[in-house]
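Below is one structure; the comments refer to it alone.
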Amino acid sequence: MSACVPARADSARTKHVHPPHSPPPGGSRRFRVAGADVSAAVAVFLIALPLSLGIALATGAPLQAGLVAAAVGGIVAGRIGGCPLQVSGPAAGLTVVTADLIQRYGWRTTCAITVLAGLAQLGLGCLRVARSTLAVSPAIVHGMLAGIGVTIAVAQLHIVLGGTPQSSVPDNLVALPAQLANLHPADLAVSVLTLTLLLLWPRIPGRAGQVLGRLPAALIAVAGATAVAALTGLILPKVDLPSWSSHALAALPDGPVLGLVAAVLTTTLVCSVQSLLGAVAVDKLVAARPAQAGHVKRSDLDRELLGQGAANIVSGSLGGLPVAGVAVRSSANVAAGAVSRNSTMLHGVLVVIATLLLVPALELIPLASLAALVMAVGLKMVSLNHIRTVTRHREVLVYAVTTGGVVFLGVLEGVALGIAVAVGVALHRLTRTRITHHEAEGVHHVHVRGQLTFLAVPRLSRLLHQVPQGADAVVELDGSFMDHAAYETLQDWQKTHTAQGGSVDISGRRPGTRISEPAETEGCRCRPWTPWRNHQCDRPPAAPPPGTDRQATTGGTRGRSRSGPVGKGPGTASGTAAAETAVHKTTGGTTAPATGPSTPGAPGAPGTPGTPDGPARSARPAGGELARGISAFHRNTAPLMRRELARLAREGQQPSQLFLTCADSRVVTSMITSSGPGDLFVVRNVGNFVPLPGQESGDDSVAAAIEYAVDVLKVRSLTVCGHSGCGAMQALLGAGHAGPGDRGTPLQRWLRHGLPSLDRVHADADAGSDAADHTGSRPRPRPRLAGRGIADAAEQLCLANVVQQLEHLRAHASVARALRSGDLELHGMYFDVGEAQSYLLAQDAEGGVFELVPGIDLTA
């Protein structure tokens with residue numbers, strides 16, 4: 001009996017790597033810093049140094065306070081914070097808040113407010129409310145940053161012109177004409193030089209620009225202006241760093257209690273929201289990097305709030321500016337390849353070293369140069385991309401009110417106004433529902449746009465009863481919410497209208513908006529690109545009658561279960577998939593054995609359709625799946641696409657792209673390119689081959705499609721797309737093609753078009769090999785993927801095949817004419833099926849480099 005008792009689950013894990021109560025072998029662990037972290041720290045330090053001084057200048061604080069905040073933000077927030085690659089320090093978003101506090105309460109009380117704000121952040125972090133902070137509308141955040149940017153730019157413009165800024169934006173605007181009449185040429189010249197270098201440095205063309213572009217533009221702009229000012233002997237105000245012995249530290253807060261509380265809340269809000277949004281943005285940047293760049297954990301927002309609070313306590317106690325996550329330095333840190341928090345901490349150490357050893361050099365920097373740099377940063381905070389985004393989401397009113405409130409009233413007042421307007425807009429949208437009714441081709445369409453609540457029931461009922469009895473009706477629900485009152489209204493009307501001989505089709509954009517229907521007419525709600533095998537709408541087949549052989553019931557086919565619990569036996573989905581993976585590699589309708597010399601597609605080969613040992617597919621006949629898919633299209637997608645398809649039917653096809661790819665069933669062209677009807681003219685074949693014109697065993701269908709697309713449809717772009725796991729490439733490597741003079745099977749003869757690609761792979765240019773392809777051309781470097789190595793020989797051949805087929809395209813007369821006239825461009829593409837990532841062939845890289853298509857930050 002005891003033999004049947006299972007061992008403890010943790011018994012296999014309790015292995016001691018060393019005797020208990022003794023130190024582990026190998027000696028003490030040494031602290032190591034990756035080379036990528038060192039280079040990233042240097043890059044961030046070169047950006048942080050001039051910006052920290054400029055922000056301190058803009059706030060009216062001692063210039064040393066900016067360096068203190070940069071060092072503390074890097075070391076303390078970098079060590080404790082929850083976002084390893086976010087760089088913290090004095091942020092431009094805090095400039096207006098800090099400047100206002102210094103003017104009201106003085107510098108030492110401002111430091112105390114910074115300490116109290118840090119304590120508040122610690123409390124919020126302990127309460128784990130970081131996620132709820134992100135509930136603030138992005139339009140409010142972007143509007144707040146834009147208002148702060150405008151305030152910074154207007155204030156620093158006075159220093160650029162050689163004057164002194166006023167306390168508010170209206171006062172600065174009123175004083176601007178007098179300042180323009182009293183220009184200081186030296187300050188203006190240094191500022192213009194700084195802005196020119198800042199603008200042109202990243203745009204240096206050619207290879208020199210790639211090398212010099214590694215140096216941050218901010219550092220080059222300030223260093224260049226400083227060097228010119230020193231060499232020409234210009235007399236103008238410069239950085240003044242007093243002795244650290246006279247550095248002002250925090251003191252007990254002195255002022256009205258309500259004012260101090262408001263100041264602490266404002267500082268806490270701005271620091272927290274900016275840092276948390278920055279952490280989310282850094283996660284997106286890290287996720288967009290290639291996998292080989294190193295794994296970095298996602299941000300822990302509550303821990304990040306704790307880290308920012310600790311940094312503000314230390315910075316305020318040491319006489320530094322408030323600390324928050326900084327977007328410019330964080331993005332530079334990620335772009336430089338940082339892999340851990342060591343880069344952030346090392347950048348803080350470098351700032352400490354600079355403040356101790358580079359004081360004479362820092363005191364040569366003109367204040368006008370720093371003002372121009374900060375003014376440029378402020379102008380960038382007014383992002384046109386943000387304005388377009390909030391306009392597209394109909395939140396421009398929230399953005400404008402928040403921006404105006406921050407500019408003319410203050411940060412806290414502007415944010416409060418923005419929140420109030422955002423709540424009002426949300427309530428307006430919730431209560432505003434558009435319901436329209438029109439007739440088209442005998443079908444009555446009722447379109448509901450917005451949230452369907454009890455407030456809209458009278459209008460909904462009135463329009464529904466305008467549909468004649470016995471007519472065909474389509475109710476389109478374009479919203480994400482429907483309450484019980486609206487649901488009952490629709491359901492009652494549907495039953496009544498159907499009983500009177502009419503038909504009702506109720507559809508919505510989101511699953512769950514369909515009104516209940518009879519079981520026999522229930523449609524599929526899966527997305528159009530959901531594979532049939534993964535449809536959640538399929539019900540399990542009815543159980544066979546007692547005594548009936550199950551194999552006979554399913555037509556003698558071992559099928560995958562489409563719904564219900566996934567089984568483990570050989571006839572279930574997991575069992576069949578596991579066996580199929582072990583025995584076959586199926587690509588583009590070509591099923592090749594994983595091992596052995598059998599030719600893919602040859603008669604009698606394992607997996608060939610029609611043979612007894614082919615992979616099991618489905619218990620339901622394929623025609624049934626096709627019919628259900630078409631029915632789902634008619635019910636769910638066609639009502640949404642009918643107008644667009646009708647327009648395309650009237651105007652004819654006008655595609656902009658010819659997309660030539662493999663016949664592999666896993667390559668869904670419209671999905672991986674986010675294209676729709678009429679966008680792509682698609683040509684598919686096994687291996688995405690382009691036979692050379694006039695070649696033996698050529699294929700006129702591919703040439704005809706190319707000629708029709710280029711000469712008749714006038715496409716502007718032609719793309720050849722290969723993919724991972726291609727069965728044609730595996731067959732080429734396994735000598736699955738027909739030899740010269742050998743007829744072979746149609747598939748074997750077709751694969752001969754891939755021989756030039758195979759020769760391209762065998763050519764070893766680096767070793768100086770004399771190997772050449774069938775055309776006798778010289779050896780070429782092998783195509784490669786940027787950011788990661790080649791997985792296997794099949795992937796290497798697939799990349800070479802894309803490059804080779806592009807050369808074949810240039811041999812076609814129609815393509816050659818369009819290329820010479822500049823009316824056509826060629827592109828190469830590689831799609832990694834397992835990673836769902838696409839790589840585009842760089843146009844100017846020798847040998848062919850496929851670069852990962854970067855993700856787009858939708859919140860930027």
Side-chain angles (χ1 to χ4, degrees), residues 37 40-41 44 48 69-94 97 114-136 138 140-142 144-145 264-289 294-316 320-335 338-348 857 859-860:
D37 285 334
V44 175
V72 171
I75 297 174
V76 178
R79 179 64 185 88
I80 303 176
C83 183
L85 301 189
Q86 176 163 251
V87 182
S88 301
L94 295 164
V97 177
T114 302
V115 173
L116 295 175
L119 292 172
Q121 286 180 301
L122 287 180
L124 293 175
C126 293
L127 294 174
R128 307 186 68 82
V129 297
R131 286 286 173 187
S132 60
T133 308
L134 298 179
V136 179
I140 298 175
V141 177
H142 297 329
M144 178 190 72
L145 295 177
V264 172
L265 292 178
T266 303
T267 306
T268 303
L269 173 66
V270 177
C271 289
S272 302
V273 172
Q274 182 168 341
S275 300
L276 295 177
L277 292 176
V280 174
V282 168
D283 284 343
K284 295 179 181 179
L285 294 175
V286 173
R289 294 195 311 187
H295 175 70
V296 180
K297 293 182 178 180
R298 291 185 62 85
S299 300
D300 182 343
L301 297 185
D302 292 307
R303 179 178 173 181
E304 179 65 18
L305 209 52
L306 294 174
Q308 296 295 332
N312 274 314
I313 293 174
V314 176
S315 179
L321 291 171
V323 171
V326 186
V328 176
R329 289 168 236 183
S330 300
S331 58
N333 193 35
V334 175
V339 296
S340 72
R341 62 179 71 247
N342 291 333
S343 63
T344 303
M345 297 169 60
L346 184 57
H347 128 267
D857 184 7
T859 64

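This chain uses plain numbering: 1 for the first residue, then up along the sequence.
Within 6.0 Å of CZ on Arg79 lie no more than 12 heavy atoms contributed by other residues, nucleotides or ligands.
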Ignoring hydrogens and angles, write down the donor-acceptor pairs under 3.5 Å from the side chains of residues 80-91, residues two or more places apart or on other chains.
| residue | atom | partner | partner atom | Å |
| --- | --- | --- | --- | --- |
| Gln86 | OE1 | Ala279 | N | 3.1 |
| Gln86 | NE2 | Ser275 | O | 3.3 |
| Gln86 | NE2 | Glu304 | OE2 | 2.8 |
| Ser88 | OG | Gln308 | NE2 | 2.7 |

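The two residues Thr344 and Gly78 have their closest heavy-atom pair at CG2-CA, 3.8 Å. The shortest non-hydrogen separation linking Ala69 to Leu321 is CB-O, 3.5 Å. Residue Gln274 comes nearest to Leu145 through the heavy atom pair OE1-CD2, 4.4 Å, listed as atom of the first residue, atom of the second, then distance.
Atom CG of residue Leu277 and atom NE2 of residue His142 lie 8.0 Å apart, to the nearest 0.5 angstrom.
Evaluation of the side chain to side chain contact (heavy atoms under 4.5 Å, CB included) rule for Ser331 yields Leu285 as partners, not counting sequence neighbours. Residues meeting the side chain to side chain contact (heavy atoms under 4.5 Å, CB included) test with Leu127, sequence neighbours left out: Val129.
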Stepwise side chain to side chain contact (heavy atoms under 4.5 Å, CB included) check, Leu346 with Asp37: CA-CA 8 Å; Leu346 184 57; Asp37 285 334; 6.0 Å; no
Candidate pair Cys271 and Leu94, rule side chain to side chain contact (heavy atoms under 4.5 Å, CB included), full reasoning: CA-CA 7 Å; Cys271 289; Leu94 295 164; 3.5 Å; yes
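Judged purely by atom type and a 3.5 angstrom limit, Thr268 uses its side chain to pair as donor or acceptor with the backbone of Val264. Using a distance-only test at 3.5 Å, with no hydrogens or angles considered, no donor-acceptor pair links the side chain of Asp283 to the main chain of Arg298. Listed for the Arg329 side chain is no donor-acceptor partner under 3.5 Å among the backbone atoms of Val44.
When the options Thr114, Val115, Leu122 are evaluated for a side-chain contact (heavy atoms from CB on, under 4.5 Å) with Asn312, the one that passes is Thr114.
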